[in-house]
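Lettering of chains follows the sequences in order, A, B, ..., and the numbering in each one begins at 1. Just so it is clear, the values below take in all heavy atoms, side chains as well, and ignore hydrogens, waters and symmetry mates.
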Amino acid sequence: MAGISLRKLRKTFGTLTVVHDIDLEIADKEFIILVGPSGCGKSTTLRMIAGLEDISSGDLVIGDTIVNDVPPKNRDIAMVFQNYALYPHMTVYKNMAFGLELRHSPREIIDKKVNEAAEILDIAHLLNRRPKALSGGQRQRVALGRAMVRSPAVFLLDEPLSNLDAKLRTAMRAEITKLHRKLDATFIYVTHDQVEAMTMADRIVVMKDGHIHQVDTPQALYDRPVNMFVAGFIGAPQMNFFPVAVARGGTSVRFGDRELPLPARLSEALPPGSADRACMLGLRPEHFHERLPVDVDPAMTAEMDMEVELAEPMGAELHLNGVLGGETVIARVSPRCQARAGDRITLIADLSSAHLFDKKTEAAFGN
Amino acid sequence: MSIDAMPAPAALKRPRRRVNWGLITTYVIVILVTLTMLAPFIWMISASLKLDRDVFAFPIQWIPENPRWENFVEIWTKIPLGLFVMNTFQLTIIVTILQLLTSSFAAYAFAKLRFPYRNALFLAYIATIAMPWQVYMVPQFVMMRGFGLTNTLTALVCLQAFTAFGVFLMRQFYMSIPDELCEAARIDGMSEYGIWWRIMLPLSMPAISTLTIFTFVTTWNDFLGPLIYLTKTEVKTIQIGIRMFISQYTQEYGLIMAASVVSLIPVLIVFLALQRFFVEGIASTGLKG
Ligand SMILES: Nc1ncnc2c1ncn2[C@@H]1O[C@H](COP(=O)(O)OP(=O)(O)OP(=O)(O)O)[C@@H](O)[C@H]1O
Ligand SMILES: [Mg+2]
């Protein structure tokens with residue numbers, strides 16, 4: 001049993017508070033990913049869970065014991081560091097066996113576990129090498145292996161893939177997901193790469209400036225972000241935002257001199273007395289189309305003209321960067337679209353999938 | 001198309017070798033400086049094979065006509081040089097080992113542990129380097145006399161087993177070892193002592209060698225310390241023991257130089273054995289890149 005609870009967890013460095021009373025319940029065997037921009041306190045949170053950083057206030061519960069004052073080695077955790085932190089003077093085998101040796105496991109068991117892990121990670125042929133004789137990807141595997149052999153209840157991973165090249169990263173993503181299934185342990189994973197978060201996590205924790213903004217499954221985060229920050233952070237390319245004002249009793253919004261329809265989902269969510277309320281309308285790049293898709297209600301669309309400034313072919317799709325009604329936007333259209341830089345193109349915005357945020361509080365309506 | 005099949009390049013103009021005066025000047029200067037540095041050393045070796053009266057003969061006769069190898073036998077019988085060598089070895093080895101231990105131990109705390117006023121404490125400790133020994137030499141002596149430690153090697157061990165310089169040197173090196181290594185070791189279940197002993201020490205061989213050389217050479221060659229604390233013949237070190245060749249009426253320079261040559265040998269051995277690490281940086285940190 002290794003559910004983890006963070007209860008009003010806070011971390012201060014001197015007078016600087018970097019983690020603000022965060023609450024989080026992590027279920028046993030869950031794969032949870034902390035994402036957020038640089039400096040938002042992801043690593044600090046992870047390090048508090050590991051016991052490498054003192055907890056300034058609040059409680060950390062693993063299983064059913066408060067572990068605030070339990071040293072790292074007794075927390076039944078293993079950690080994979082961003083720079084791998086392999087012991088340079090020990091062989092790969094020794095690196096992996098070290099934790100078990102310190103726990104006085106019998107020789108045969110250590111040997112068996114190390115060989116098993118090496119087999120799974122495909123590093124069996126490297127066991128006698130020193131870390132400096134390994135490539136980045138191999139070191140990364142060794143670091144994972146070192147964590148695995150201890151069979152901890154909780155794996156903590158701090159940006160383990162950030163030093164790998166793009167291709168290897170994609171491959172390792174799948175490896176780690178598989179590993180999670182095989183090992184049957186809780187994974188807490190830190191990254192600032194939202195693609196990693198979307199593809200691997202059971203649930204994602206979005207952090208900013210030491211606060212948790214939203215915790216949910218990847219799809220729910222994408223579909224129902226609670227505020228503009230989450231909406232902008234999750235999804236690539238980013239969601240487009242347009243300053244609008246509520247009109248017609250909430251059934252539409254004014255954008256410049258245009259009027260755009262609002263789906264019932266959003267108009268019903270607007271509090272009474274919202275006439276003229278300043279809002280931000282959010283539209284994801286894939287909600288712009290060259291022609292009306294069959295499954296979209298024409299009443300919920302609007303034709304909008306875009307000045308294309310840059311067309312980025314991605315192979316399966318085309319990203320159009322440009323200006324639409326005075327706002328910079330990115331639209332994701334079919335690669336057959338002929339628009340190129342300098343062109344003017346009419347796009348159909350599908351407002352049935354729009355998001356609406358209060359301009360002042362940045363909170364979403366209708367979630 | 002293979003390389004051979006390529007048309008031969010039209011006769012390339014080969015630039016005429018120009019005399020590189022800059023390089024020559026540099027070499028001349030370097031050689032002159034080296035000779036200046038080596039001259040006293042060579043003079044010492046040459047003098048160690050001469051009779052006293054020939055030592056100061058001018059012009060200097062660099063290679064003595066009939067070298068007096070007996071000098072190297074006589075030094076052991078005229079004064080208890082063997083005893084002095086033993087004393088010096090004892091002192092130097094104990095001081096070096098203690099200093100390595102205390103320095104790297106304190107340095108670990110200053111570099112890798114968090115405790116209140118760590119940096120202030122470190123600065124205060126380092127500031128003592130700026131204080132010349134001559135300033136507190138006398139009060140220190142009075143204190144040691146109070147402890148009844150004069151004329152013992154223990155006095156010198158006590159004084160030299162701890163140095164701010166050693167702590168500074170080791171700390172700077174430890175700072176370059178990533179904290180994550182210690183953290184990984186903590187999670188692996190190692191105590192702080194264990195981390196120091198099994199992670200930091202093995203990784204700090206270059207710094208350890210440097211400190212070993214410094215400490216060994218300084219302690220071995222120390223003159224002032226033993227001069228102040230050691231007056232009895234039984235406890236003297238080589239450096240002050242050699243002074244026994246200088247008596248009121250005679251100064252046996254040949255023997256002094258022979259003993260000096262002997263006293264240089266251990267220093268040279270230590271230096272040559274460790275200089276490889278001295279130059280070599282840490283081989284790998286096991287981290288990215
Ligand atoms: N030892 C420390 N002393 C003072 N401030 C610190 C310390 N460690 C971290 N911080 C600060 O705490 C904040 C959060 O740092 P943290 O390392 O948790 O960020 P992060 O979310 O992991 O960012 P990144 O994605 O860049 O790794 C940062 O503003 C950082 O400057
Ligand atoms: Mg971080």
Side-chain angles (χ1 to χ4, degrees), chain A residues 13 43 47 49-54 71-92 94-105 129-137 139-140 142-143 146-147 149-150 152 154-156 158-160 162-164, chain B residues 100 104 107-109 111-123 170 173-210 274 276-277 280-289:
Chain A
F13 289 111
S43 298
R47 292 164 53 81
I49 298 174
L52 296 172
E53 211 72 71
D54 291 335
K73 61 176 175 174
N74 298 336
R75 290 190 184 191
D76 201 9
I77 51 153
M79 185 153 172
V80 178
F81 293 86
Q82 180 172 3
N83 56 16
Y84 316 138
L86 301 177
Y87 308 122
H89 55 304
M90 300 182 191
T91 61
V92 167
K94 184 83 177 161
N95 260 286
M96 289 167 69
F98 199 53
L100 291 175
E101 283 173 6
L102 288 169
R103 285 172 168 72
H104 305 294
S105 301
R129 294 213 199 152
R130 293 278 168 92
K132 74 169 169 186
L134 300 181
S135 73
R139 283 178 207 179
Q140 210 278 332
V142 176
R146 181 168 69 178
V149 294
R150 300 239 322 269
V154 184
F155 280 78
L156 306 173
D158 193 351
E159 309 211 20
S162 62
N163 287 326
L164 303 183
Chain B
L100 286 177
S104 66
Y108 177 68
K112 297 292 178 205
L113 299 182
R114 290 193 205 151
F115 51 91
Y117 306 111
R118 180 180 82 168
N119 293 339
L121 209 60
F122 180 67
L123 275 181
M170 293 305 293
F173 192 85
Y174 285 167
M175 299 285 276
S176 70
I177 296 179
D179 290 348
E180 281 90 343
L181 277 185
C182 306
E183 292 173 346
R186 265 168 225 156
I187 291 179
D188 264 345
M190 225 180 311
S191 65
E192 297 302 326
Y193 301 98
I195 297 174
W196 168 74
W197 178 248
R198 298 181 66 174
I199 309 285
M200 300 308 263
L201 278 191
L203 288 181
S204 53
M205 281 323 285
I208 299 259
S209 320
T210 309
L274 294 178
R276 184 164 63 89
F277 297 101
E280 184 182 279
I282 185 166
S284 156
T285 52
L287 302 177
K288 60 164 173 146

Quiz prompt | Side chain, backbone, both or neither of A:Ala78 within contact of chain B (heavy atoms, under 4.5 Å) | solution = backbone

Self-check item: Sidechain-backbone polar pair: B:Ser204 side chain, B:Ala207 backbone, donor-acceptor under 3.5 Å
Solution: no

Exercise. Under 4.5 Å heavy-atom distance to chain A, tell me which part of B:Arg198 shows up: side chain, backbone, both or neither.
Key: both

Practice problem: Check whether A:Arg130 gets within reach of chain B through its side chain, its backbone, both or neither, counting any heavy atom under 4.5 Å. | Solution: neither

Quiz item: Checking A:Arg47 against chain B: side chain, backbone, both or neither under 4.5 Å from a heavy atom?
Solution: side chain

Quiz item: Which atoms form the tightest heavy-atom contact between B:Leu201 and B:Ser104, and what is the distance?
Solution: CD2-OG, 3.8 Å

Practice problem: Identify whether the distance between the nearest side-chain nitrogen and carboxylate oxygen of B:Lys112 and B:Glu192 falls below 4.0 Å. | Solution: no

Quiz item: How far apart are the C-alpha atoms of B:Asp188 and A:Arg150, what are their side-chain angles, what is the distance that settles it, and do they pass the salt bridge (Lys or Arg N to Asp or Glu O under 4.0 Å) test?
Solution: CA-CA 9 Å; B:Asp188 264 345; A:Arg150 300 239 322 269; 3.2 Å; yes

